[in-house]
Amino acid sequence: DAENAQSGGIGGGVGRSPVQPVKFPHPVHVNALKMNCAFCHNAANQSPDPGLPAVGTCMGCHLIVAAGRPEIAKLTEYWNNKQPVPWVRVHVMPDYVYFNHSAHVTAGVSCVSCHGRIDQMDEVAHAKPLSMSFCLDCHRNPEKYVRPKDQILNMSWSPPANQAEIGPELVRQYHIRGGERLTECGICHR
């Protein structure tokens with residue numbers, strides 16, 4: 001898209017942090033309140049597009065919690081006007097790239113692998129390059145990056161010392177197509 005073309009690369013490039021219509025403190029929600037990514041991005045493991053949080057998701061709590069705060073007043077205005085929050089996507093893939101978010105999540109790829117430590121960002125920034133070489137490194141060597149499915153939403157998980165042993169087993173369990181198949185052009189360019 002035009003914004004992406006002018007912003008310095010795929011997804012706008014590392015460091016891009018667009019101003020959002022409502023400030024959302026990820027550290028508070030993720031670390032203090034222990035909410036996981038799928039609570040707000042509920043399509044992440046079911047759809048090619050992870051979706052952006054619906055105002056109803058926010059208002060499920062904020063009709064009561066912190067209702068007097070200025071940022072919550074902005075949410076309430078969208079809610080009362082029956083309008084979605086016009087979130088600005090931070091991670092944007094160009095039109096010539098096909099990316100299926102759910103295929104990656106269900107294959108054991110963690111949120112942090114592509115998005116960085118969102119749980120530590122007061123304002124979400126583009127943390128990883130999401131370039132072709134970035135993606136191909138994982139596609140060529142998925143065993144280095146996959147993790148147990150119960151750890152996909154764990155932002156602080158680190159690969160264990162035996163990742164070289166468990167990685168290939170996870171690739172087998174998750175039925176990840178290996179070898180040259182994952183690097184064929186048609187996988188990402190359709």
Side-chain angles (χ1 to χ4, degrees), residues 1-45 47-55 57-58 69-72 74-75 78 84-105 107-142 144-147 151-159 163 182-183 187-189:
D1 63 10
E3 176 195 349
N4 197 30
Q6 295 174 352
S7 61
I10 294 175
V14 173
R16 176 178 179 264
S17 181
V19 175
Q20 297 294 342
V22 177
K23 290 182 181 178
F24 182 86
H26 277 87
V28 170
H29 290 81
V30 177
N31 301 328
L33 300 174
K34 305 294 184 208
M35 294 168 65
N36 70 43
C37 307
F39 184 81
C40 298
H41 301 279
N42 57 6
N45 64 346
S47 169
D49 186 321
L52 296 169
V55 70
T57 301
C58 304
R69 293 192 177 160
E71 293 302 305
I72 306 308
K74 292 179 189 177
L75 277 174
Y78 289 114
V85 177
W87 300 113
V88 180
R89 285 190 181 268
V90 176
H91 301 89
V92 181
M93 298 305 284
D95 292 341
Y96 57 84
V97 174
Y98 173 78
F99 181 82
N100 185 325
H101 204 272
S102 66
H104 289 78
V105 174
V109 178
S110 171
C111 309
V112 77
S113 297
C114 301
H115 300 294
R117 291 296 303 266
I118 299 286
D119 62 320
Q120 297 175 352
M121 297 179 193
D122 288 321
E123 294 180 5
V124 175
H126 201 287
K128 306 283 181 135
L130 304 183
S131 63
M132 186 169 167
S133 62
F134 175 84
C135 296
L136 281 173
D137 183 47
C138 188
H139 277 220
R140 286 183 180 124
N141 306 291
K144 289 172 47 179
Y145 301 99
V146 296
R147 57 173 74 185
Q151 296 300 319
I152 291 170
L153 300 175
N154 181 351
M155 293 279 177
S156 61
W157 185 85
S158 295
Q163 181 70 19
L182 278 180
T183 59
I187 295 291
C188 302
H189 302 287

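The residues of the chain are indexed from 1 along the displayed sequence. Note that the coordinates shown come from a computational prediction; the quantities given were computed from them, not determined experimentally. Heavy atoms only: backbone and side chains are in, while hydrogens, waters and symmetry mates are out.
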Residue pair Asn154 / Ser110, side-chain heavy-atom distance below 4.5 Å: no
Between Gly15 and Ala125, what is the shortest heavy-atom contact and its length? O-CB, 4.3 Å
Check the orientation of Tyr96 and His189. Use parallel for under 30°, tilted for 30 to 60°, and perpendicular for over 60°. parallel
Heavy-atom pair with the smallest gap, counting every atom of Gln163 and Val146: NE2-O, 2.9 Å
Residue pair Phe39, Thr57: steps toward the side chain to side chain contact (heavy atoms under 4.5 Å, CB included) verdict: CA-CA 8 Å; Phe39 184 81; Thr57 301; 4.0 Å; yes
Side-chain contact test, heavy atoms from C-beta onward, threshold under 4.5 Å: evaluate it for His139 versus Cys188 and give yes or no. yes
Step through the shown structure and confirm whether more than 12 heavy atoms of other residues, nucleotides or ligands are within 6.0 Å of CD on Glu123. no
What closest approach, in Å, do Ser17 and Val124 show between heavy atoms, and which atom pair accounts for it? OG-O, 2.9 Å
Steps toward side chain to side chain contact (heavy atoms under 4.5 Å, CB included) verdict (Val90, Met121): CA-CA 13 Å; Val90 176; Met121 297 179 193; over 6 Å; no
Nearest heavy-atom approach of Ala44 to His101 is O-ND1, 3.1 Å
Do Val22 and Tyr78 have side-chain heavy atoms sitting under 4.5 Å apart? yes
Test log, rule side chain to side chain contact (heavy atoms under 4.5 Å, CB included), inputs His126 and His91: CA-CA 6 Å; His126 201 287; His91 301 89; 3.8 Å; yes
Is the shortest heavy-atom distance from the side chain of Cys111 to the side chain of Ile118 under 4.5 Å? no
Could you please spell out the steps behind the side chain to side chain contact (heavy atoms under 4.5 Å, CB included) verdict for Asp49 and Arg89? CA-CA 11 Å; Asp49 186 321; Arg89 285 190 181 268; 2.9 Å; yes
Side chain to side chain donor-acceptor pair (under 3.5 Å) contacts in which one or both residues fall within residues 18-35, not counting sequence neighbours: none
Scan for salt bridge (charged side-chain N to carboxylate O under 4.0 Å, His left out) pairs involving residues 111-121, sequence neighbours excluded, and state none if there are none. Arg117-Asp119
To the nearest 0.5 Å, what is the distance between CG (Asn36) and CD1 (Ile152)? 11.0 Å
Which atom names give the shortest non-hydrogen contact between Asn100 and Pro48, and what distance separates them? OD1-CA, 3.5 Å
Measuring only between side-chain heavy atoms, which start at C-beta, is Val105 closer than 4.5 Å to His41? no
